[in-house]
Amino acid sequence: GQPLNSSVVTSVNLGVIAGDFGSPAPQSSSVNVLVRVTPTNRHAPQFAQSEVSLSVQETSSVPVVIGVFRARDADGPDDQIRYALLNNDTSEFAVDAVNGALFLLEPLNYSSTMNVSLTLAASDQGTPQLTSRLIVHISVTDENNHDPQFLSIPYVFRVNELAPVGHLITTLVATDPDATRLTYGISVNAISPDGADLFKVNTTVGELTLADTLDHETRTSYDIEVYALDH
């Protein structure tokens, strides 16, 4: 016989007759048999690509849909595909099983989580059930919600009046969990009027140095304000 193809023949009606060889007259009976041809599940659902990348702001309002990922099934129909997150041991993410919408349920913290990778599975309802996977790479975008903080406030230093120009008074150090680079400087409006040209700061490394000579008889102290600017 020939194999059946469900895309060509969906059902077959058969007439089956059973007879004997009795005497004086053979007897027989018949029955109609309906054979339904079911398709073989040959194709797993397929996403358009195997990996995708997206970014999420750490201050995003939740819950929020951060992406919708749909698969197609050559065996059809697509609306029978069901979606799930595999090995998801966090409570921050969830997926709608029917439409493939990926949700962020809890805010992310850039300081503790900069990147997350999730595995999204799409499964059909055929026999045998077939599944494909999509890797979703999520990068958390930092929100600048912290000001730089100096490690020591206020700074108090004694400088000999004979110290030469370029003398290193101190190195300013500030920290900022949001920033990878800080710029240092002197707040001109807050500096002692007669000390504006006496000091300078290396904007990159924060070194505070003498820009001119000091005279104890002219002035015994100076109050200056320095700043750290994040990027």
Side-chain angles (χ1 to χ4, degrees), residues 49 51-67 88-94 102-119 135-231:
Q49 52 200 108
E51 298 187 28
V52 297
S53 299
L54 53 88
S55 60
V56 176
Q57 191 79 21
E58 70 169 338
T59 55
S60 296
S61 300
V62 292
V64 62
V65 175
I66 59 176
N88 181 30
D89 56 358
T90 68
S91 58
E92 289 95 342
F93 302 95
L102 182 61
F103 286 86
L104 176 65
L105 301 180
E106 298 178 6
L108 299 174
N109 188 334
Y110 176 85
S111 299
S112 58
T113 306
M114 295 194 302
N115 296 282
V116 178
S117 291
L118 302 174
T119 301
I135 306 300
V136 182
H137 301 289
I138 302 171
S139 60
V140 182
T141 304
D142 185 23
E143 178 74 12
N144 190 15
N145 49 14
H146 296 90
D147 293 326
Q149 298 293 323
F150 283 101
L151 299 184
S152 179
I153 296 179
Y155 287 96
V156 179
F157 301 98
R158 296 182 180 275
V159 180
N160 192 297
E161 67 173 341
L162 299 179
V165 173
H167 172 73
L168 177 62
I169 301 172
T170 189
T171 299
L172 306 172
V173 178
T175 60
D176 187 339
D178 297 322
T180 57
R181 183 169 63 91
L182 298 175
T183 296
Y184 298 91
I186 297 176
S187 302
V188 177
N189 294 334
I191 197 170
S192 300
D194 53 351
D197 299 323
L198 292 177
F199 307 95
K200 67 177 181 179
V201 172
N202 182 298
T203 58
T204 303
V205 298
E207 291 179 344
L208 177 64
T209 58
L210 279 179
D212 203 347
T213 57
L214 301 175
D215 185 351
H216 181 269
E217 294 181 357
T218 303
R219 185 70 179 267
T220 59
S221 65
Y222 296 89
D223 294 320
I224 63 175
E225 181 179 277
V226 296
Y227 64 83
L229 178 66
D230 62 15
H231 297 275

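Just so you know, these numbers use all the heavy atoms, side chains as well, and skip hydrogens, waters and symmetry mates. For this chain, numbers begin at 1 and follow the sequence in order.
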Polar side chain donor-acceptor pair, Thr90 to Asn88, under 3.5 angstrom: yes
Going through the checks in order, is the side chain to side chain contact (heavy atoms under 4.5 Å, CB included) test met by Val116 and Phe93? CA-CA 10 Å; Val116 178; Phe93 302 95; 3.9 Å; yes
Sequence neighbours excluded, which residues qualify as side chain to side chain contact (heavy atoms under 4.5 Å, CB included) partners of [X]?
X      : result
Thr203 : Thr183
Asn202 : Thr204, Val205, Glu207
Val62  : Leu104, Pro107
Phe103 : Val65, Asp96, Ala101, Leu105

Indicate yes or no for a side-chain donor-acceptor contact from Tyr184 to the backbone of Ala174 under 3.5 Å, with no hydrogens or angles considered.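 A pair under 3.5 Å: yes.
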Just verifying a value: how many Å separate [X] [atom1] and [Y] [atom2], rounded to the nearest 0.5 Å?
X      : Y      : atom1 : atom2 : value
Asp230 : Asp147 : CG    : CG    : 7.5 Å
Ser139 : Glu58  : OG    : CD    : 12.0 Å
Thr141 : Leu54  : OG1   : CG    : 9.5 Å
Ile224 : Leu208 : CD1   : CG    : 5.0 Å
Thr209 : Leu198 : OG1   : CG    : 11.5 Å
Ile138 : Met114 : CD1   : CE    : 15.0 Å

pair Val56-Val140: side-chain heavy atoms closer than 4.5 Å: no
Determine whether Val64 and Ile66 make a side-chain contact, defined as any pair of heavy atoms from C-beta on separated by less than 4.5 Å.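 In short, these two side chains touch, coming nearer than 4.5 Å.
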Please give me the minimum heavy-atom distance between [X] and [Y], naming the atom from each residue.
X      : Y      : result
Thr175 : Leu182 : N-CD1, 4.3 Å
Thr170 : Leu168 : O-CD1, 3.3 Å
His231 : Leu229 : CD2-O, 3.6 Å
Pro164 : Leu210 : O-CD1, 3.7 Å

Residue set satisfying side chain to side chain donor-acceptor pair (under 3.5 Å) with Ser152, at least two apart, ordered chain then number -> none
Stepwise side chain to side chain contact (heavy atoms under 4.5 Å, CB included) check, Ile186 with Val201: CA-CA 7 Å; Ile186 297 176; Val201 172; 3.4 Å; yes
Check the angle between the aromatic planes of Tyr155 and Phe150 and answer parallel, tilted or perpendicular using the 30° and 60° thresholds. perpendicular
Ring pair (Phe, Tyr, Trp, His ring centres under 6.0 Å) partners of residues 195-220, not counting sequence neighbours, each pair once: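 Qualifying pairs: Phe199-Tyr222.
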